[in-house]
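This report concerns only the one structure given below.
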Amino acid sequence: MGFSVAEARFLAAHAGEIAEVAPQVALTKQSVFADRAVLDARFGEYARAVSVLISSQRAAAGKFPEHWLTDADAVQQATPARVASVRARRIASAGVEFVHDVTCSVGSEAPAFLDAGVAWLGSDLDAARLVMARHNLGADAWLARADALAPVSAGGAVVADPARRAGGKRITDPAKLLPPLPDLLSAHAGREMAVKCAPGIDYSGWDGLVSVVSVDGGVKEACLYTPGLAGGARREAVVLRDFEEHVTDTEPDEVEVTAPRKWIIEPDGAVVRAGLVRQWAARHGLSMLDEHIAYTTGDAVPAGYSGFEFIEAVPLRALKKTLAGHGAGAAEILVRGVDVDPDQLRKKLKLRGDKQMGVVIARIGDDAVAHVCHARVHA
């Protein structure tokens, strides 16, 4: 839920007082009446707005500083700070000196660009968001109220983050983003652009770079870059864990398809979504279990990733008996290329042993094969 301009101005004027009160409210179902009493006593008609602000600030960890003003929708839409840094560095490396963020919201992209040495202008149609952005970024920040489809700047590059949800559902058609991708491209024709999108959209027709980014194993977004920002690549996976790894389609992709080796490794979701499993496998000296299935196998697990030490491969129908023979009491089940629900399968297995194990189910050729393994190990 967003704020009115009056609410945003109140929150900005009383930010210090709100920060003092925040530790006193738990904002749980059990504490709702006690919390409301505290907030009503201190903030009167603005108690609801303060409650939403505190809740939103708690949800913003890893995206921007905890004291920033924000609302729930802005937090959900905002890019994690590490991802914003990757984008800013890519754009800066292309020689861009000025960026116009045409859907700036509460200003979450600004710090990354300023850290990268790129001048930043933010604009938005929502006046309340701009009030919050002014508070968050300070008096010197460049901010304007403008429609993303009505350019108010020239030169440099454009960054846009169209709304990716409507009616509680994720939008997968680029033409239905808010604002629509084709309209954004038309409005800013001739300028380099970076447009953030949901990872699941159909970007097969995009003429520049599609960069899919994950953080700690979870895929966060796809960013579409025009050719001038692409660095010669068409597809990229950015893996952010305790390290940072970039894989592109310009790398070698010659890998063998082999029987399981010592370890079975599932690539990071960004690598899979970007269609770069072969390049990632080649980089790490791995082979593939099947040329069409995103499971790799090798003699060692790449540093920073995890894998399953392989024991034996059996037909899917023999899995229950095989796991019982190994004394399995619990199993982590991964599935690709086979119509099997891991949760339903786990119930049917009725494991009664005392060992934690792993099962990697994949279609190998025309057969559904269960690869029985030891429990997941992190390298």
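- Using a 4.0 Å cut-off between charged nitrogen and carboxylate oxygen, Arg129 and Asp71 count as a salt-bridge pair.
- At least one side-chain heavy atom of Phe113 sits less than 4.5 Å from a side-chain heavy atom of Val159.
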List the steps and the verdict of side-chain contact (heavy atoms from CB on, under 4.5 Å) for Gln279 and Asp249. CA-CA 7 Å; Gln279 287 84 350; Asp249 59 351; 4.2 Å; yes

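- The shortest non-hydrogen separation linking Val210 to Ala222 is CG1-CB, 4.5 Å.
- A donor-acceptor contact shorter than 3.5 Å links the side chain of Ser56 to the backbone of Val52.
- By the rule that hydrophobic residues join a cluster once side-chain heavy atoms approach within less than 4.5 Å of another member, Val118 and Leu114 end up as members of one cluster.
- Within the 4.5 Å cutoff, no side-chain heavy atoms of Leu240 are placed close to those of Asp216.
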Please lay out, stage by stage, how Ile91 and Tyr225 fare under the test side-chain contact (heavy atoms from CB on, under 4.5 Å). CA-CA 9 Å; Ile91 293 174; Tyr225 295 93; 4.2 Å; yes

Between Val369 and Val314, is the side-chain contact (heavy atoms from CB on, under 4.5 Å) condition met? List the steps. CA-CA 6 Å; Val369 178; Val314 300; over 6 Å; no

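- Distance CZ/Arg363 to CG/Asp339: 9.5 Å, rounded to 0.5 Å.
- Atom-to-atom distance recorded for Cys223:SG and Leu229:CG is 9.0 Å, nearest 0.5 angstrom.
- Surrounding CZ of Phe33 are at most 12 heavy atoms belonging to other residues, nucleotides or ligands under 6.0 Å away.
- Closest heavy-atom contact between Phe243 and Gly304: CE2-CA, 3.5 Å.
- With no hydrogens or angles considered, no side-chain donor-acceptor pair links Gln77 and Ser105 at under 3.5 Å.
- The closest side-chain heavy-atom distance from Ile311 to His374 is below 4.5 Å.
- Glu256 and Ser287 share no donor-acceptor pair across their side chains, judged by distance under 3.5 Å alone.
- Applying the salt bridge (Lys or Arg N to Asp or Glu O under 4.0 Å) test to residues at least two apart or on different chains, the pairs with a partner in residues 269-290 are Glu245-Arg283, Glu251-Arg283.
- Judged by distance alone, with hydrogens and angles left aside, the side-chain atoms of Arg234 form a donor-acceptor pair with the main-chain N or O of Gly208 at under 3.5 Å.
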Using ring pair (Phe, Tyr, Trp, His ring centres under 6.0 Å), reason through Trp280 and Tyr305 one step at a time and then give a plain yes or no. CA-CA 12 Å; Trp280 184 82; Tyr305 293 93; 5.1 Å; yes

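- Between Ile333 and Leu349 the shortest side-chain heavy-atom distance falls below 4.5 Å.
- No side-chain heavy atom of Val213 sits less than 4.5 Å from a side-chain heavy atom of Arg82.
- Using modelled atom types, one side-chain atom of Thr28 and one backbone atom of Ser31 make a donor-acceptor pair closer than 3.5 Å.
- Scanning all heavy atoms of the two residues, the minimum distance from Trp120 to Cys104 falls at CZ2-CB, 3.8 Å.
- Annotation for Arg9: atom CZ does not count as buried by contact number, only 12 or fewer foreign heavy atoms lying within 6.0 Å.
- Remark: Glu66 CD is loosely packed, at most 12 non-hydrogen atoms of other residues, nucleotides or ligands lying under 6.0 Å away.
- Put simply, the side chain of Val25 does not reach to within 4.5 Å of the side chain of Ser51, judged on heavy atoms.
- With values rounded to the nearest 0.5 angstrom, Arg261 atom CZ is found 4.0 Å from Asp299 atom CG.
- In the hydrophobic clustering of this structure, Phe310 does not group with Val301; members are Ile, Leu, Val, Met, Phe, Trp, Tyr whose side-chain heavy atoms approach within less than 4.5 Å, directly or through other members.
- A distance-only check finds a donor-acceptor pair linking the side chain of Thr297 to the backbone of Trp263 [under 3.5 Å].
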I'd like a table of donor-acceptor pairs (distance under 3.5 Å, sequence neighbours excluded) in which one partner is a side-chain atom from residues 131-139, with atom names and distances.
unit_1, atom_1, unit_2, atom_2, d
Arg134, NH1, Gly138, O, 3.0
Arg134, NH1, Ala139, O, 3.2
Arg134, NH1, Ala141, O, 2.8
Arg134, NH2, Ala141, O, 3.4
Asn136, OD1, Leu69, N, 2.8
Asn136, ND2, Leu69, O, 3.0
Asn136, ND2, Val106, O, 3.1
Asn136, ND2, Met132, O, 3.1

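- Taking the six-membered ring where tryptophan is involved, the planes of Phe10 and Tyr46 are essentially parallel, since the angle between them stays under 30° and well short of 60°.
- The side-chain heavy atoms of Glu109 and Val99, taken from C-beta on, include no pair separated by under 4.5 Å.
- The closest donor-acceptor contact from the side chain of Glu7 to the backbone of Ser4 lies under 3.5 Å.
- A salt bridge links Arg376 to Glu332: one of the charged nitrogens lies within less than 4.0 Å of a carboxylate oxygen.
- Side-chain contact check for Trp206 versus Pro174: every heavy-atom pair is 4.5 Å or farther apart.
- No side-chain donor-acceptor contact under 3.5 Å links Glu221 to the backbone of Lys196.
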What verdict does the side-chain contact (heavy atoms from CB on, under 4.5 Å) test give for Val377 and Glu309, after you've listed the backbone C-alpha separation in whole Å, the side-chain angles of each residue and the deciding distance to 0.1 Å? CA-CA 8 Å; Val377 171; Glu309 188 174 5; 5.9 Å; no

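- Taking a 6.0 Å sphere around CD of Glu312, one finds it holds more than 12 heavy atoms contributed by other residues, nucleotides or ligands.
- Rounding to the nearest 0.5 Å places CD1 of Ile265 at 9.0 Å from CG of Leu289.
- In this structure, Ile361 and Leu316 approach most closely via the heavy-atom pair CD1-CD1, 3.7 Å.
- Between the side chain of His188 and the backbone N or O of Ala148, at least one donor-acceptor pair lies under 3.5 Å.
- The line from CZ of Phe64 to OG1 of Thr70 is 3.5 Å long, rounded to the nearest 0.5 Å.
- Closest approach of Met357 to Ala328, counting heavy atoms only: SD-CB, 3.5 Å.
- Note: the hydrophobic cluster containing Ile364 does not contain Met288 (ILVMFWY, side chain heavy atoms under 4.5 Å, direct or indirect links).
- Checking side-chain atoms of Ser93 against main-chain N and O of Arg90 turns up a donor-acceptor pair under 3.5 Å.
- Contact detail for Arg346 and Ala331: the closest heavy-atom pair is NE-O, 3.0 Å.
- The main-chain N or O of Ala233 is never found under 3.5 Å from a side-chain atom of Thr250 such that the two would form a donor-acceptor pair.
- Between the CG atom in Leu143 and the OG atom in Ser123 there is a gap of 9.0 Å [rounded to 0.5 Å].
- Between the side chain of Arg191 and the backbone N or O of Gly155 there is at least one donor-acceptor pair closer than 3.5 Å.
- Hydrophobic clustering of Ile, Leu, Val, Met, Phe, Trp and Tyr side chains at less than 4.5 Å, counting indirect connections, unites Phe3 with Val50.
- Hydrophobic clustering of Ile, Leu, Val, Met, Phe, Trp and Tyr side chains at less than 4.5 Å, counting indirect connections, unites Leu27 with Phe43.
- Within a 6.0 Å sphere centred on CG of Asp242, heavy atoms belonging to other residues, nucleotides or ligands number 12 at most.
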